Amino acid sequence: MNIDHFRFDGSKPFKISEFDTKQEGNFKDREEAEERRDDHINDLQGLQERLYAQGKEGVLIIFQAMDAAGKDGAVKYVMSGVNPAGISVHNFKVPSAEDLAHDYLWRAMKVAPQRGMITIFNRSYYEDVLVVKVHDLHKKTALPERVITQDIFHDRYEQIKNYEKHLHDNGFRVIKIFLNISKKEQKKQFLQRIDDPSKNWKFSDGDIVERGYWDKYMKAYEEAINATATRECPWYVVPSDKKWFARAVIAEIVVSTLESIDPQYPEVSEERKQKLQEFKTMLLNEE
Ligand code: ATP
């Protein structure tokens, strides 16, 4: 599968209306896609172990999507392949009073990845140019007048781009994944959540409210993605009506990012090798 097809790095425009959310790639069937996904998840284990051992680069994976697009499932699959010690997940909910008392990047910066780690953001500071834009929430917070200009979202795109560049230039890979579902598929998923008692908890009244703003959200996503897609910190727009396809694509994106880092176990010096042999002899000679 060619994931470049889904990659946006600023060299071509992203037009949401031209994007087919039902794509299944050229997999023979669902089973083949799941096998491929599992192969990638297997590869991920070794890559993550080396990333952790090397402790030089870190990886930030951002998931953004409309409700019921499969963010939680995607996070679960990425997590399933790796040693929990080397990965952390952060969910970005409605900001707390403490969050709002800071600049909007603060809560993300606090939990940015460490070297050797993979950090997953389930939603992120992109909410500050998505839900905030759709509902004009910035006008309801304690921002000074000079900040609430016509250009506030363009300013934020620049700030986000600069922040991500800063991370990249300091040894962290940033990949942004938009799970793109259709309005029709979201309806199907919501109905399942309502009909299946074991999924009722996943459905909240707010989900229906936000669905009412679908077109505004699509416009906000399109604008944010076009404004913040760069070669170093690309967006991947993943067709997500078929969850099995989306998961195979995501697994490949994550693996190919780690492969491009090509992490290696730290080299052991001759001196250290000798020391290890001395320890070995000591252990073997123990009573
Ligand atoms: P998810 O749908 O991601 O699984 P959830 O529905 O389980 O999450 P919620 O309690 O609904 O969890 O939290 C996510 C909500 O927080 C979303 O509606 C999101 O738009 C909102 N949110 C996140 N960041 C912000 C922000 N900066 N400003 C306003 N609302 C935000």
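Since this is a predicted model, take the numbers as computed values, not measurements. Each ligand, and each atom within it, is numbered from 1 in the order the structure gives.
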Original post:
Is D39 paired with R36 through a side-chain N to carboxylate O contact shorter than 4.0 Å?
Top reply: no
Original post:
Looking at NZ of K202 and OG of S204, how far apart are the two atoms once the value is rounded to the nearest 0.5 Å?
Top reply: 12.5 Å
Original post:
Hey, are K188 and D195 close enough for a salt bridge, meaning a charged N less than 4.0 Å from a carboxylate O?
Top reply: no
Original post:
Hey, what's the ring geometry for Y125 with F121, parallel, tilted or perpendicular (30° and 60° as the breaks)?
Top reply: perpendicular
Original post:
In ligand 1, which numbered atoms sit nearer than 4.0 Å to a non-hydrogen atom of D128?
Top reply: 27 (N)
**OP:** Could you tell me which atoms of ligand 1, counted from 1 in the order shown, lie closer than 4.0 angstrom to a heavy atom of D67?
**Re:** 2 (O)
Original post:
Which protein non-hydrogen atom lies closest to atom 13 (O) of ligand 1, naming both residue and atom, and how far is it?
Top reply: K93 CD, 3.4 Å
**OP:** Look at atom 30 (N) of ligand 1 and say which protein heavy atom is nearest, naming residue and atom and giving the distance to 0.1 Å.
**Re:** V131 CG1, 3.6 Å
Original post:
For atom 20 (O) of ligand 1, what is the nearest protein heavy atom, given as residue, atom name and distance?
Top reply: E127 OE1, 2.9 Å
Original post:
Between H102 and W106, what is the ring plane arrangement, given parallel below 30°, perpendicular above 60°, and tilted in between?
Top reply: parallel
**OP:** In plain terms, say whether K275 and E278 are close enough for a salt bridge, that is, a side-chain N and a carboxylate O under 4.0 Å apart.
**Re:** yes
Original post:
Using a heavy-atom cut-off of under 4.0 Å, does the side chain or the backbone of L137 touch ligand 1, or both, or neither?
Top reply: side chain
Original post:
Heavy atom under 4.0 Å from ligand 1: found in N91's side chain, backbone, both, or neither?
Top reply: neither
Subject >> Ligand-side contact atoms (ligand 1) for residue partner D72, heavy atom cut-off under 4.0 Å >> reply: 4 (O)
Subject >> Residue that, paired with F8, satisfies ring-ring contact (aromatic ring centres under 6.0 Å, His included) out of Y236, W235, Y221, F14 >> reply: F14
Original post:
Looking at ligand 1, does any of its N/O atoms fall within less than 3.5 Å of an N/O of K71?
Top reply: yes
**OP:** Before accepting this row, confirm whether a basic side-chain N of the pair E164/K176 lies closer than 4.0 Å to the acidic partner's carboxylate O.
**Re:** yes
Original post:
Quick one: does ligand 1 sit under 4.0 Å from the side chain of K202, the backbone, both or neither, non-hydrogen atoms only?
Top reply: neither
Original post:
Can you find an N/O atom of S124 closer than 3.5 Å to an N/O atom of ligand 1?
Top reply: no
**OP:** Look at ligand 1 and say whether S204 reaches it with a heavy atom at a distance under 4.0 Å.
**Re:** no
**OP:** Considering the heavy atoms of V132, write down every atom of ligand 1 situated less than 4.0 Å from one of them.
**Re:** 28 (N)
Subject >> Contact check: V94 vs ligand 1, nitrogen or oxygen atoms, below 3.5 angstrom >> reply: yes
Original post:
Is D207 touching ligand 1 with its side chain, its backbone, both, or neither, if touching means heavy atoms under 4.0 Å apart?
Top reply: neither
Original post:
Ion pair present between E223 and K133, side-chain N to carboxylate O less than 4.0 angstrom?
Top reply: yes
Original post:
Listed by chain and number, what are the side chain to side chain donor-acceptor pair (under 3.5 Å) partners of Q114, not counting sequence neighbours?
Top reply: none
Original post:
Would you say the side-chain atoms of D99 pair up with the backbone N or O of S96, donor to acceptor, closer than 3.5 Å?
Top reply: yes
Subject >> Proximal atoms of ligand 1 relative to P95 (non-hydrogen, under 4.0 Å) >> reply: 25 (C), 26 (C), 27 (N), 28 (N), 29 (C), 30 (N), 31 (C)
**OP:** With heavy atoms under 4.0 Å as the rule, classify the contact between R107 and ligand 1 as side chain, backbone, both or neither.
**Re:** side chain
Original post:
Which protein heavy atom lies closest to atom 14 (C) of ligand 1, and at what distance to 0.1 Å?
Top reply: R123 NE, 3.5 Å
